[in-house]
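All remarks here apply to the structure that follows.
All ligand and atom numbering here is 1-based and tracks the order in the structure.
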Amino acid sequence: MAAFGSVFMPEMAMAQFDGNAWGPAAIVPANSISLHPGAHVLHYASTCFEGLKAFRHEDGTIAIFRMDKNVARMLQSSELLSLPKFEPALLSQMIVDAVRHFAADVPTPPGSMYIRPTHIGTEPAIGKAATPTLTSMLYVLLSPVGDYFAGGSRALRLLLEDNARCAPHMGMIKSGGNYASALQPTMQAKAKHQADQVLFCPHGDVQETGAANFLLIDGNEIITKALDASFLHGVTRDSILTLARDLGMTVSERDLTVDELLERAAKPGTEAALSGTAAVLAPVGTLIHRGTEYKVGSGEPGPTTARLRQALNDIQWGKAEDKHGWLTKI
Ligand code: PMP
């Protein structure tokens, strides 16, 4: 099977800001855009994006998961990067239009249609190193995906890294630059420690990995960092915490230090997991810190992680009541 996110639908929804106003959104060939090599985005990284999914239900309807939350985050990222503003309704309509256009291609569970809204600064202006782009382009790409964990969910190995993933006040922005910054430490963690991901813990503060949030599950309690500007406010994180509260669990959104994490991980029955649109909720079995390996609980995927993952999938797949109103049916 093709790698996650490497197959695209041949058309996408697209709209352009000309410096004054947004033009009409249209469905265009996905490979039809042309950019000047001096475009602001190619030099000064004026770009942000989103990732969300549409699911096919047994009755044939298609449901987009938590679209409003992803649209709001995209708007916030755009504002914080000084990209042109847009009405949330513009992007929501583009997402719905694109998914509707390719409704027949939305895979059945555990597959889904991954939706990638993207916003780029298009003004050809290399003199604008310290000035925002005047013009921009918004587009919504679609990529049919299978189960990220085809072949069973193995417990992941995380390398705890003392450095930050990105500038401390930029973590809540879903910007391309933040991802580029995390590549070197992640590649080194893979090569030197056979780690799957890096868990960024600057000054001992447990934050997130390169593409997912981190949750510690200790008995009936879930501990995860409280929202601040240093990390991405995951939609999956929010959904899992809501479902955990529904199940009667205690949710503690607060700072977690590396010392406390390692201490709690040593207890039998402790679990840890990564939450994200692609990963859903992936079990973490091993933490590697300053050359020493620590098992999280038994080191194997745990039952609470599996239960929460299933509860989320059940709503996404239309098998449980959507009591929080998370689905947009098209
Ligand atoms: N942190 C980072 C750095 C991510 O890239 C992602 C994936 N978008 C997440 C957290 C999880 O966010 P979400 O649950 O909204 O996909």
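- Residue Asn213 has at least one heavy-atom neighbour below 4.0 Å for each of these atoms of ligand 1: 10 (C), 11 (C).
- For Lys69, the NZ atom sits in a loose shell: 12 or fewer heavy atoms of surrounding residues, nucleotides or ligands are nearer than 6.0 Å.
- Contact between Gly51 and ligand 1 is absent, with no heavy atom of the residue lying under 4.0 Å from the ligand.
- Side chain to side chain, Thr135 and Glu123 fail the donor-acceptor criterion of an N or O pair below 3.5 Å.
- In this structure, Lys69 does not count as a contact residue of ligand 1, since none of its heavy atoms falls inside 4.0 Å of the ligand.
- Among protein heavy atoms, the minimum distance from atom 8 (N) of ligand 1 is reached at Lys174 NZ, 2.7 Å.
- Summary of contacts: the protein heavy atom closest to atom 14 (O) of ligand 1 is Thr236 OG1, 2.6 Å.
- With ligand atoms numbered from 1 in the order given, ligand 1 contributes 13 (P), 14 (O), 15 (O) to contacts under 4.0 Å with heavy atoms of Val235.
- Nearest to atom 16 (O) of ligand 1 among the protein's heavy atoms is Thr277 OG1, 2.6 Å.
- Put simply, part of Tyr179 is less than 4.0 Å from ligand 1, judged by heavy atoms.
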Show your working on side-chain contact (heavy atoms from CB on, under 4.5 Å) between Met170 and Leu81 and close with a plain yes or no. CA-CA 9 Å; Met170 299 290 281; Leu81 292 171; 4.2 Å; yes
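- Atom CZ of Arg245 is surrounded by more than 12 heavy atoms from other residues, nucleotides or ligands within 6.0 Å.
- Between the side chains of Asn313 and Gln310, no donor N or O sits under 3.5 Å from an acceptor N or O.
- Neither side chain, Ser136 nor Thr122, offers a donor N or O lying under 3.5 Å from an acceptor on the other.
- Protein heavy atom at the shortest distance from atom 2 (C) of ligand 1 is Glu208 OE1, 3.4 Å.
- Using a 4.0 Å cut-off between heavy atoms, His233 makes no contact with ligand 1 at all.
- If you number the atoms of ligand 1 from 1 as listed, the ones under 4.0 Å from a heavy atom of Gly210 come out as 3 (C), 5 (O).
- The six-membered or imidazole ring of Phe231 lies near that of His233, with a centre-to-centre distance under 6.0 Å.
- Under a 4.0 Å criterion applied to the non-hydrogen atoms of Thr209, ligand 1 contributes the atoms 3 (C).
- Applying the 4.0 Å criterion to heavy atoms of Gly276 picks out, from ligand 1, the atoms 11 (C), 14 (O), 16 (O).
- With ligand atoms numbered from 1 in the order given, ligand 1 contributes 3 (C) to contacts under 4.0 Å with heavy atoms of Arg165.
- For the residue pair Thr47 / His119, no side-chain donor-acceptor distance below 3.5 Å is found, with atom types taken as modelled.
- Of all the atoms in ligand 1, the ones that sit under 4.0 Å from a non-hydrogen atom of Ser275 are 11 (C).
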After noting the C-alpha distance and the side-chain angles of Leu199 and Val206, does the key distance pass the side-chain contact (heavy atoms from CB on, under 4.5 Å) rule? CA-CA 7 Å; Leu199 179 59; Val206 177; 3.8 Å; yes
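- Compare Ala211, Ala279, Ala278 by their heavy atoms: the one nearest to atom 4 (C) of ligand 1 is in Ala211.
- With no hydrogens or angles considered, no side-chain donor-acceptor pair links Asp162 and His203 at under 3.5 Å.
- Looking from atom 12 (O) of ligand 1 to the surrounding protein, the closest heavy atom is Gly234 CA, 3.4 Å.
- Counted by atom type alone, Glu293 and Thr286 present zero donor-acceptor pairs between their side chains at under 3.5 Å.
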